[in-house]
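First the proteins, then the strands, lettered A, B, ... as listed; each starts at 1. The structure presented is a predicted model; accordingly, all values stated were derived computationally and were not measured.
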Amino acid sequence: MSDVVRTRFAPSPTGFMHVGGVRTALFAWLLARQNNGQFILRLEDTDQKREVEGSAEHLMSALHALGLNYNEGPDIGGPFAPYKQSERLDHYKAWAQKLIDAGRAYADPYTQAELDSFREQARTEKKAFLFRDHRPENPPVWDGSTPLRLKSDPKAYTWHDEVMGDLSTGPDVIDDIILIKSDGFPTYNFAHIIDDVEMEITHIIRGQEFIASQPNYLNIYEALGIERPILATMPHILGDAGTKKLGKRDGAKDVLDYLKEGYLPETMLNFIASLGWNDGTEQEIFTVDELIAKFSLDRVQHSGARFDEKRLEWMNGQHIRLLSIDDLYTRIADFWPASAVNATEEHKKEILTLVQDRMKTLADLPMLTEYFFADPTSDWTMVDDNKQLSKFSKDELKELLRHAIDALKDSEFTPNAIQETLNTLLETTGQKPGILFSLIRLAVSWAPFSPALNDTLNALGKDTVIQRLQTAIA
RNA sequence: GGUCUCAUCGUCUAACGGUUAGGACACCAGGUUUUCAUCCUGGCAAUCGGAGUUCGAUUCUCCGUGAGAUCACCA
């Protein structure tokens, strides 16, 4: 085995990248990164029927979008290329031949109907079906037209899992599993073992669904006389119902959709890592570098966890606040309201600074900033809905706005100067801030909320402020 | 049904066998900010059940219960 850490993410190209897949990939990636090792992408495309067009490209773009970059992979090659199983059939055949020569693999002589009846029989006897109960005494020579099966060596196993601890099973789970299908492609069960050995993978990180077949893999390692990698099993991420493994059917979402909705990649990584892992402190927000430094398999939870979108939202807000304005500006480029098309970079950054603290996702931007770029439509029902303002008549309010126009017209337009002007206005009109400021705020924005009034006015600029106030009293 | 695994607030989780069982999200109530959001303070809220070991059990053991995974020429 290699003495550098080599981990892999080995999805089958049968769909999109959901959060469960991201976590498996993330933990493998973190392990490689924190040990200065390598992270490998391998496509397990041995089931031609289930393969989905474009899925491989999708998986790769999702990994890139999240920053989970791999050192070797189907699109970039590497010392153990190819990294697509469909292009490695000769490797599997060669290893299979070793097993045949050693008398540890044989041709499956049964028809589908015969197999079905064996299964049916097991079901009526309320037993688990074992193919080896029907192992033929004199199997035909394997010509590739029928499945090739392992001649298993049933025994009890105890093995160590870096996450789950010591696991054990009895001999009755060991069976003569299929190594090569009748279409010439290997099964996952066989192919991944060969590839992991040849690619010098040191740690296998995968989902809980493989725990049941792990003893059979151990049996193959032994039959092949090869050392097995370190094993780590991740618990499942559960759907909203909280009871089932998160699958596409339960509304498992494409991780790229979260990015499109304005979640940051680092939020996704932080959140998905935290779902079943913590560093033992009370820290909740981790940068990617902190995750790399602090991650450890032995602190991964044993049980499944639910994906809570509320918590994800909160966490995204936290990560957005961690961003510098320049960084945020770059990332939020696609989210500006259409009306911002002619705004300068400087102006947009100024506005971004005002609203950064109140964004939960990047997609909140239009709602928060629309009125900075386009004149809002007056909506006096907002005044009526305001507990304090609704006590005044419209004429009284317009009179107040006229005072505001006069004062602001002569004011310097910096945040501080505006604040002074507003404070003076409070004295001259004898109004409470809750009334005067709310009124001005509404008259210039007609929005349910906005940043501090002086900052808002400053960002709008004097001409716009005066013009909007005049529109309001017209 | 067989096999395997898991089990702390509604959710994510912390707790060398000794804590008033801690934190975070959500929720509720106050407070600050002109408003909203943010922010601050406080509140609500959990060890699945039963035995056993122990001076002492969330923690170790056993038995239940519940949940999940798996039992494909899918991965």
If the sugar-phosphate is the primed atoms plus P, OP1 and OP2 and the base is the rest, what is the B/S/- string for [range], using protein heavy atoms under 4.0 Å?
{"range": "nucleotides 18-24 of chain B", "value": "----SBB"}
{"range": "nucleotides 59-65 of chain B", "value": "-------"}
{"range": "nucleotides 31-38 of chain B", "value": "---BBBBS"}

Tell me whether the side-chain N/O atoms of [X] come closer than 4.0 Å to OP1 or OP2 in [N].
{"X": "T46(A)", "N": "rA75(B)", "answer": "yes"}
{"X": "N278(A)", "N": "rU13(B)", "answer": "no"}
{"X": "K49(A)", "N": "rA75(B)", "answer": "no"}

Can you sort out the partners of F190(A) under ring-ring contact (aromatic ring centres under 6.0 Å, His included), two or more places apart, ordered by chain and number?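 Counting only residues at least two positions away or on another chain, F190(A) forms no ring-ring contact (aromatic ring centres under 6.0 Å, His included).
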Taking only residues two or more places apart in sequence, or in another chain, which ones meet W336(A) in a ring-ring contact (aromatic ring centres under 6.0 Å, His included)? F373(A)
Please name all residues satisfying salt bridge (Lys or Arg N to Asp or Glu O under 4.0 Å) with [X], sequence neighbours left out, ordered by chain then number.
{"X": "R123(A)", "result": "E120(A)"}
{"X": "K155(A)", "result": "D153(A), E222(A)"}
{"X": "K349(A)", "result": "D326(A), E345(A)"}

Between the CG atom in D47(A) and the OG atom in S12(A), the distance rounded to the nearest 0.5 Å is 8.0 Å
Quick one: label R206(A) by what it contacts on the DNA or RNA (base, sugar-phosphate, nothing), any heavy atom closer than 4.0 Å. nothing
State yes or no: are the ring centers of Y258(A) and F307(A) separated by less than 6.0 Å? yes
How about F118(A) and F131(A): are their ring centroids closer than 6.0 Å? no
If the condition is side-chain hydrogen bond (donor to acceptor under 3.5 Å, both in side chains), which residues does E282(A) pass it with, not counting sequence neighbours?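 Partners of E282(A) by the side-chain hydrogen bond (donor to acceptor under 3.5 Å, both in side chains) criterion come out as none, since no residue qualifies.
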Pairing residues for T24(A) by the side-chain hydrogen bond (donor to acceptor under 3.5 Å, both in side chains) criterion, not counting sequence neighbours: none
Do you know which of D195(A), I40(A), L43(A) makes side chain to side chain contact (heavy atoms under 4.5 Å, CB included) with Y83(A)? I40(A)
Write down the distance separating the C1' atoms in rC48(B) and rU38(B), rounded off to the nearest Å.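 To the nearest whole Å, 40 Å.
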Just the atom pairs and distances: protein N or O near nucleotides 4-10 of chain B's N or O, under 3.5 Å.
{"from": "rC4(B)", "atom 1": "O3'", "to": "S168(A)", "atom 2": "O", "distance (Å)": "3.4"}

According to side chain to side chain donor-acceptor pair (under 3.5 Å), does anything in residues 162-179 of chain A pair up with another residue at least two apart or in another chain? List the pairs.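 Residue pairs with at least one partner in residues 162-179 of chain A: Y106(A)-D176(A), R135(A)-D176(A), S152(A)-D176(A), H160(A)-D166(A).
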